[in-house]
Amino acid sequence: MRWLPFELHTHTPHSDGTHTLFEMCMKARELGLSGIALTDHNTTSGMADAAAVTEETGISIIPGLEWTTFYGHMLTLGVPYSEWRDLGPSDIHKGINRVHEQGGIVGIAHPFSLGSPICTGCHWEYVVEDWNDIDYMEVWHETLPPMRNHNAPAFEQWTSLLNQGYRISATAGRDWHRSSEEDDLPAYTYLGLENEEGMPNTESVVNAISSGRICVSMGPRLELQVERGVNRYGIGDIVEVGTPGENGNCEMTVRVIPSHHPDRQLETDEQGLMIIIESNLGELTRYSLAEEQDEIQYSFRADGLLWMRVRLYGMLNGALSTLAFTNPVYFKEAIH
Amino acid sequence: MRELLTVAGKLTPLSSKTHITYQLYIPEGINALHIEFEYGPKTLDDRDDSKQMIEEAIRKYVNPALQNVYLEHWEKFHPLQNLLTLSVDDPDGFRGSAHRHPNHQQHILSRHESSPGFFSGPIRNGVWKVTISVHCIVTQECEYQLRIREGEVDHEMASV
């Protein structure tokens, strides 16, 4: 598995962005990104330049689109245009099927942004009948996402859906329209890609997101491994546990891998860094990381667990904040 | 420069969240389409109306605990804007869209060169559709004009 940082929500002059694809990818390289998803509003015409830009900048460009509708903005990845102009507020599943049938995935963009008339269609107002149809949610939106008001309810909604047993991935998206030297830092969406060599391709990116192999971060990457008996599981995997009463002992290892990018070094103060392990049963435990410590071990029983994720907490721009979080490891009772 | 379509219309806030589609036959022998689209006014400048609509949106969309902070800074969202966007379908299907904010736009579509947002390709004869998506009208009235003419571009683009 290869973990690479992506930016999954971007715009160019093919919709209302002001930097060209080339300018954006040059900037992406400076930011330490490996790839972007091009998600212009309601068109994929910007992909015409993608191969040439990738060759020149080394940045992978994954085809996507931001469905910019009256009742919500939905990101699609891995497919060309699909029709949105005939859908009412209760027709979202019809639209999602059009994307899924072509092998693409869908994600709700900035679900709790202000809606019309302040930002037309920006607040998610579609009726979702079945959350299994939603592949991912952009729970961190814009730059410095852990500090933005509208991301708190998005993160809460994601957590509540996980608690209800849905396996939905969570991503960050800068909603990148322009670049300047004064910009605050956006987050990285680290994706666990199966192709070990060469440029990340569309299939492996779509697969990583739909499988939940994701760590969202302002800098460091969190690595997580669960051991149960002889089996090992990582982020996004489903841990098969025994029926109640069987031996459900598990061991979790969490590692913090610092970013190599100079702008992404962590501020540390006397508070240090905190690793928080949380689940559908609430917070399970927390560890203060001693200086130079980058790994913790946690033993637990899987009884009653649907999912577990890890959050890194510490100083960001002078305030205590979530710095990174993993997508969950899921748990499922084995069928005998 | 043949005229192919000239239409105009008047919208009100009730037109928000609707699509207006014009279907037209494009005859054989056209090398490029030139689309000119404008609407106005762009902004709602009346402060009292604006304040009322912004407050309503804040009450609808913001967490109650934070509403007062947003309400104090309502002017951050002033002036509100009308937003109309254009998309085009040729006889084979979706040909592109221009989701952007200026209220006066010109687009070219041709075999080798098209404005950002649109795909290049032949200008086939047949029934084309041009759709105005009315995302939001905040002013009491908003007038639009759409004009499609035979265009002039059809040269090979310099190779990339």
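By convention in this document, chain letters (A, B, ...) are assigned in the order of the sequence lines, proteins followed by strands, and residues within each chain are numbered from 1.
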Visitor: Centre-to-centre under 6.0 Å for B:Phe119 and A:His14, is that the case here?
Guide: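 Distance test on ring centres: not under 6.0 Å, no.
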Visitor: Please report the interatomic distance NE2(B:His99) to CG(A:Asn42), rounded to the nearest 0.5 Å.
Guide: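 Rounded to the nearest 0.5 Å, the NE2-CG separation comes out at 6.5 Å.
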Visitor: Check the surroundings of atom CD in A:Glu203: do more than 12 heavy atoms from other residues, nucleotides or ligands lie under 6.0 Å from it?
Guide: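 No - once you tally the heavy atoms of other residues, nucleotides and ligands closer than 6.0 Å, there are 12 at most.
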Visitor: Could you tell me which portion of B:Thr18 (side chain, backbone, both or neither) has an atom closer than 4.5 angstrom to a non-hydrogen atom of chain A?
Guide: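 Just its backbone gets close to chain A.
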Visitor: Quick one: which of A:Pro13, A:Pro153, A:Ser15 has the most heavy-atom pairs under 4.5 Å with chain B, could you say?
Guide: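 So the answer, after comparing A:Pro13, A:Pro153, A:Ser15, is A:Ser15.
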Visitor: Do other residues, nucleotides or ligands put more than 12 heavy atoms under 6.0 Å from the CD atom of A:Glu283?
Guide: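 Yes, the 6.0 Å shell around CD holds more than 12 heavy atoms from other groups.
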Visitor: Drop me the distance from A:Ile118's CD1 to B:Lys76's NZ, to the nearest 0.5 angstrom.
Guide: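 NZ of B:Lys76 is found 9.5 Å from CD1 of A:Ile118.
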Visitor: Drop me the distance from B:Thr85's OG1 to A:His41's NE2, to the nearest 0.5 angstrom.
Guide: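 Answer rounded to 0.5 Å: 10.0 Å.
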Visitor: Are any non-hydrogen side-chain atoms of A:Leu114 and B:Phe77 less than 4.5 angstrom apart?
Guide: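 The answer is yes; the side chains approach within 4.5 Å.
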Visitor: What residues of residues 49-56 of chain B sit under 4.5 Å from chain A when you count only heavy atoms?
Guide: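 Hits under 4.5 Å: B:Met53, B:Ile54.
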Visitor: Which residue out of B:Gly96, B:Ser87, B:Ala98, B:Pro102 racks up the most heavy-atom pairs below 4.5 Å with chain A?
Guide: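 Option with the top pair count is B:Ser87.
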Visitor: In terms of heavy-atom pairs under 4.5 Å with chain B, which of A:His150, A:His123, A:Arg85 leads?
Guide: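 Of A:His150, A:His123, A:Arg85, A:Arg85 has the most heavy-atom pairs under 4.5 Å with chain B.
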Visitor: With a 4.5 angstrom heavy-atom cut-off, could you sort out which part of A:Ser45 is near chain B: side chain, backbone, both or neither?
Guide: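 Both parts, backbone and side chain.
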Visitor: Sort by residue number and list every residue of residues 132-140 of chain B having at least one heavy atom under 4.5 Å from chain A.
Guide: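 The residues closer than 4.5 Å to chain A, in numerical order, are B:Ser133, B:Val134, B:His135, B:Cys136, B:Val138.
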Visitor: Roughly how far apart are A:Phe70 CZ and B:His19 NE2, rounded to 0.5 Å?
Guide: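 If we round to the nearest 0.5 Å, A:Phe70:CZ and B:His19:NE2 are 3.5 Å apart.
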Visitor: For A:Glu55, I'd like to know if atom CD has over 12 heavy atoms of other residues, nucleotides or ligands within 6.0 Å.
Guide: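 Count not over threshold, so no.
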Visitor: Select one option (side chain, backbone, both, neither) describing which atoms of B:Phe118 are under 4.5 Å from chain A's heavy atoms.
Guide: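 The backbone, not the side chain.
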Visitor: Please classify the contact of A:Thr44 with chain B as side chain, backbone, both or neither, using a heavy-atom distance under 4.5 Å.
Guide: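 Both parts, backbone and side chain.
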Visitor: Which atom pair, heavy atoms only, marks the closest approach of B:Ala57 to A:Pro117?
Guide: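 Result for this residue pair: CB-CD, 4.1 Å.
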Visitor: If I take atom CG from residue B:Asn63 and atom CG from residue A:Asn149, how far apart are they, to the nearest 0.5 angstrom?
Guide: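 Interatomic distance, B:Asn63 CG to A:Asn149 CG, rounded to 0.5 Å: 8.0 Å.
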Visitor: For B:Lys17, is there an ion pair with A:Glu125 - N to carboxylate O distance below 4.0 angstrom?
Guide: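 Result for this pair is no, no salt bridge flagged.
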Visitor: Using 0.5 Å steps for rounding, measure from the OH atom of B:Tyr61 to the SG atom of A:Cys119.
Guide: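 Nearest 0.5 Å value for the OH-SG distance: 10.0 Å.
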Visitor: Does a sphere of radius 6.0 Å around CE in A:Met147 hold more than 12 heavy atoms from other residues, nucleotides or ligands, not counting ones at 6.0 Å or beyond?
Guide: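 Counting neighbours around CE of A:Met147, more than 12 heavy atoms of other residues, nucleotides or ligands fall under 6.0 Å, so yes.
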Visitor: Quick test of your reading of the model: are A:Asp40 and B:Arg100 salt-bridged, counting only N-O distances below 4.0 Å?
Guide: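 No salt bridge links A:Asp40 with B:Arg100.
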